[in-house]
Amino acid sequence: QSDKRMAVRMTVDMGPRLGTIISEETIYYCDERRKIICYGIGKEGASCFRAVWLTEDGHSTTINSYDMIGGIPALFSYGHIEKMVKEGFNAQHLAIKAKAMEMERPARRRQRRWQNQHLGVCLVTGGCGLLGRHVIYTLSSLVESGLVEQIHCVDINEEVPDLISGDKNVIFHIGGRGDITDRAVLEGIFKKHDIDTIFHLASVIDLRPVPSKALLAVNVCGTKNLLDFARLGNADRFVYTSSIECSYRYNFCDDARESDPPSPHPCNLYQKFKIDVEREVLDNNSDDLATVVIRPSHILGNETDDDLNTPISSVNACFGEIKTVGSHRSSAKMGMVFVENCALAHVVSALRCPGVDGMVFNVTDFNENIVTAYRGMRGKKPPAVCLPFWVLWLLVYISLVIHNAIFFLSCGRAMVLDGKTGLHNGALAAGRTCTQNTDEAKKWLDYPPGGWVTRSKAEMSRQRILTGSKLRNILGC
């Protein structure tokens, strides 16, 4: 309550050339319970901000600073401080909060009232999608063992894929009866059925500058609806499908870890909403509801179930972070995960709760250029040429100028670019390194254990998902 601010005196060893400096910083915020100190330089008002997380052993770690967030010296731009720096400061505060919550997780696990692998009645949103159908197929193979009692497929799409059509273990809530943005629909499902485990896969991918209204409605509001009914309906587990986009910093990430703070300045609303919802899901982790986040790399299906297979495999050029034209070997690599393995990771994470509650897991099988990977799925050779990144950048921004011009001239009624496959900002990731570290998944989920789906990068031969007793052995059930 006092106007007098505390100060922290720091001694910093700058090396043999610069020597030791002593600086006095003003403390603007101190949270002893979560071991957070936020301080800034400047007597009248901070010209830059820093946040420090104090570890249990007394050492401190600076999570980020203004020059890492903003990219230009904040002292030269008031507007830069007001927008970029403060946004970044808020983002790193949330990252520190996540680390503080992580310290409390072992104590929460000891207090958990239930300790079993029984998934009971499962609900899968987006169950008719590429990943959803494989999650349902995997769960269905566990019904005979008693680990799963029943599966509810919830999807706005009315077309049921062949993989799960006719499955007697699945109850379908499709079309208007599968709209997760409609609370009345969800209330009806949760009142009629005692849902134990929720796999929330439903998501709209729209990377355009002005996305469709469904992006907010499904990705944000739909998730909040599900979390509300999960608590009210006494569900035990909640597994959320996130995206490699949460690891991106300006469409780039190299061996990104789950503990790396997300970008304070997302490049599109899809990325921003995914980051926000990840936090929302983890914040809802409690003694009664175990929440887990799976952050898959690019999910790879085959030509019959992956709608990106045909358009991408037909491209005969790739992009890389090079200045001149080269071969496909110099192309930018992206993390890839086979859809079968991604589905298994979801099921394993649910079975291993409460041991992995409140955690995020990156899931990747291999790193390869996205065009090369899809062409390999069709038995085609790699692209004949690798173009420099600036060519892709130029194509994207020409497309965006045309798209934005038509969008505004038509008052939002006409759009040139497709939300998922168009040459928008998200397409820039095809020309930059986008890979994730999977050490946490290997440690906690044994990802991928022997017997999971594997394919030769050269042949990319299709394998059917493992079922029955083999699958139960893989899951350690």
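Remark: Arg208 pairs with Asp206 by the salt bridge (charged side-chain N to carboxylate O under 4.0 Å, His left out) rule, at least two apart or across chains. Considering only residues two or more places apart in sequence or on other chains, Arg177 meets the salt bridge (charged side-chain N to carboxylate O under 4.0 Å, His left out) condition with none of them. Shown here are the salt bridge (charged side-chain N to carboxylate O under 4.0 Å, His left out) partners of Lys420, two or more places apart in sequence or in another chain: Asp307. With sequence neighbours excluded, no residue satisfies salt bridge (charged side-chain N to carboxylate O under 4.0 Å, His left out) with Asp155. Residues forming a side chain to side chain contact (heavy atoms under 4.5 Å, CB included) with Val315 (at least two apart in sequence, or on another chain): Val371. Annotation: side chain to side chain contact (heavy atoms under 4.5 Å, CB included) contacts of Ile156 (sequence neighbours excluded): Asp179.
The list of side chain to side chain donor-acceptor pair (under 3.5 Å) pairs with a residue in residues 122-133, not counting sequence neighbours, reads Thr125-His200. Under the salt bridge (charged side-chain N to carboxylate O under 4.0 Å, His left out) criterion, the residue pairs touching residues 251-268 are Arg257-Asp439, with sequence neighbours excluded. The list of side chain to side chain donor-acceptor pair (under 3.5 Å) pairs with a residue in residues 397-414, not counting sequence neighbours, is empty. For the salt bridge (charged side-chain N to carboxylate O under 4.0 Å, His left out) condition, the pairs that include at least one residue of residues 183-194, sequence neighbours left out, are Arg183-Asp228, Glu187-Lys191. Applying the salt bridge (charged side-chain N to carboxylate O under 4.0 Å, His left out) test to every pair with at least one member in residues 156-170, sequence neighbours left out, gives no pairs at all.
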Side-chain donor-acceptor distances from residues 425-432 under 3.5 Å, at least two apart:
from	atom 1	to	atom 2	distance (Å)
Asn425	OD1	Asn251	ND2	2.9
Arg432	NH1	Tyr250	O	3.1

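Between atom SG of residue Cys353 and atom CZ of residue Phe238 there is a gap of 12.0 Å, rounded to the nearest 0.5 Å.
Side chain of Arg237 to backbone of Thr197: no donor-acceptor contact under 3.5 angstrom is found.
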